[in-house]
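All values derive from a computational prediction rather than experimental measurement.
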Amino acid sequence: MTTTRQDAWTHDEDLLLAEVVLRHIREGATQLAAFEEVGRKLSRTAAACGFRWNSHVRKQYKTGIEVAKKQRKELRTLPQQKEEPVEKQNVKEVSNTQTGQSKNTIKELISFLQQYEEAPSVQEIQQENQHLKGKIRELEEKVATLQQEKETLTNHLAVIEEDYHALIEIMDRARKMVILQEDERNRKVKFQMDKNGNLERVEK
């Protein structure tokens, strides 16, 4: 079962919107005034009526719009009456009472449409996504290369440390050998006293 939205437009509401807008075009009034009039009758905002007209209803009344514009041009050629039609007076009164509200609503609608137009397209988002994926692949390859270089340097450092410890051990052994040789030479040297009471070195 299909449910109808509470704010959905009915066929009768579309007809009322078209009738009022065409009448305002024919009489030379603004479409904003028409939207405000329809909004009062349908308990909708002028912005909502304008959006409905521009996005849906206007396409169905192209011929009617042209006829209304012709009638407006013909009316302008006739001598202008001193008194304005009652309907125009009503529109001006309503416009004066709702100027602040309608201006704010129109500004909000314009701001929304501008943001919608400035939003990136699906194609642009996909291109940006591909670009970012490429960057991620490059960074992953760089990280893998750096990791490999780190492992190589770690292995080299381990080899250098082993060589260093081996060299220290060799130097320690050599030092000990030199000390032993000195001790052995010292043991072979003896001293004795001569006739005059002086010590003299005696080699074995």
Side-chain angles (χ1 to χ4, degrees), residues 1-140:
M1 179 177 178
T2 304
T3 58
T4 304
R5 289 176 51 187
Q6 293 181 355
D7 60 341
W9 284 76
T10 64
H11 181 66
D12 291 337
E13 289 177 335
D14 286 342
L15 287 176
L16 176 62
L17 177 61
E19 178 186 353
V20 175
V21 172
L22 291 175
R23 172 164 52 81
H24 278 69
I25 293 174
R26 185 169 54 252
E27 295 175 352
T30 63
Q31 290 187 11
L32 176 59
F35 300 153
E36 290 174 347
E37 182 179 340
V38 176
R40 291 195 309 276
K41 293 180 179 180
L42 300 181
S43 298
R44 294 180 183 270
T45 63
C49 296
F51 186 81
R52 179 65 175 178
W53 170 258
N54 290 315
S55 64
H56 180 73
V57 180
R58 184 177 61 178
K59 301 173 185 177
Q60 304 174 13
Y61 290 88
K62 292 182 179 180
T63 304
I65 293 172
E66 294 299 325
V67 172
K69 287 180 178 180
K70 278 185 180 181
Q71 292 175 348
R72 180 181 62 191
K73 192 177 293 185
E74 292 172 0
L75 289 172
R76 284 180 179 176
T77 59
L78 297 175
Q80 295 183 353
Q81 298 178 356
K82 293 183 180 179
E83 295 183 0
E84 292 181 335
V86 177
E87 293 177 353
K88 284 191 178 180
Q89 294 176 1
N90 293 336
V91 168
K92 285 188 176 181
E93 291 175 0
V94 173
S95 298
N96 291 331
T97 56
Q98 296 185 350
T99 298
Q101 181 180 359
S102 62
K103 283 184 178 179
N104 291 335
T105 307
I106 293 297
K107 285 182 180 179
E108 292 175 359
L109 178 60
I110 291 173
S111 177
F112 170 77
L113 293 176
Q114 287 176 344
Q115 291 176 2
Y116 180 78
E117 289 178 356
E118 294 172 359
S121 62
V122 176
Q123 186 177 4
E124 290 175 344
I125 294 174
Q126 289 176 347
Q127 290 176 352
E128 182 68 16
N129 190 23
Q130 292 296 328
H131 177 70
L132 291 175
K133 285 183 178 179
K135 285 287 185 183
I136 291 173
R137 282 195 296 269
E138 290 179 5
L139 292 174
E140 288 177 346

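A pairwise comparison of heavy atoms in Cys49 and Arg44 identifies SG-CB, 4.2 Å as the closest pair. Of all non-hydrogen atoms in Val20 and Val38, the two that sit nearest each other are CB-CG2, 3.6 Å. Looking at every heavy atom in both residues, Ala46 comes nearest to Glu36 through CB-CG, 3.8 Å. Closest approach of Val57 and Ala18 over heavy atoms only: CG1-CB, 3.9 Å. Closest approach of Trp53 and Ile65 over heavy atoms only: CZ2-CD1, 3.8 Å.
Using a distance-only test at 3.5 Å, with no hydrogens or angles considered, a donor-acceptor pair links the side chain of Glu13 to the main chain of Thr10.
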Decide side chain to side chain contact (heavy atoms under 4.5 Å, CB included) for Lys41 and Leu16; before the verdict, give the C-alpha distance in whole Å, the side-chain angles of both, and the deciding distance to 0.1 Å.
-> CA-CA 9 Å; Lys41 293 180 179 180; Leu16 176 62; 4.2 Å; yes
Item checked: Steps toward side chain to side chain contact (heavy atoms under 4.5 Å, CB included) verdict (Lys69, Arg72) -> CA-CA 5 Å; Lys69 287 180 178 180; Arg72 180 181 62 191; 3.8 Å; yes
**Asked** Yes or no on side chain to side chain contact (heavy atoms under 4.5 Å, CB included) for Phe35 and Thr45, after CA distance, side-chain angles and deciding distance?
**Response** CA-CA 8 Å; Phe35 300 153; Thr45 63; over 6 Å; no
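For Gln71, the side-chain contact (heavy atoms from CB on, under 4.5 Å) test picks out Arg26, Val67, with sequence neighbours left out. Qualifying side chain to side chain donor-acceptor pair (under 3.5 Å) partners for Gln60, counting only residues two or more places apart in sequence or in other chains: His56. Taking Leu15 as the reference, His11, Asp12, Tyr61 meet the side-chain contact (heavy atoms from CB on, under 4.5 Å) condition, with sequence neighbours excluded. Under the side-chain contact (heavy atoms from CB on, under 4.5 Å) criterion, Lys70 pairs with no residue, sequence neighbours left out.
Put simply, CG on Leu17 and CD on Glu19 are 10.5 Å apart, with the number rounded to the nearest 0.5 Å.
For residues 46-63, every residue pair satisfying the salt bridge (charged side-chain N to carboxylate O under 4.0 Å, His left out) rule, not counting sequence neighbours, is listed here: Asp14-Arg52.
Lys135 and Glu140 are not joined by a salt bridge, as no carboxylate oxygen comes within less than 4.0 angstrom of a charged side-chain nitrogen.
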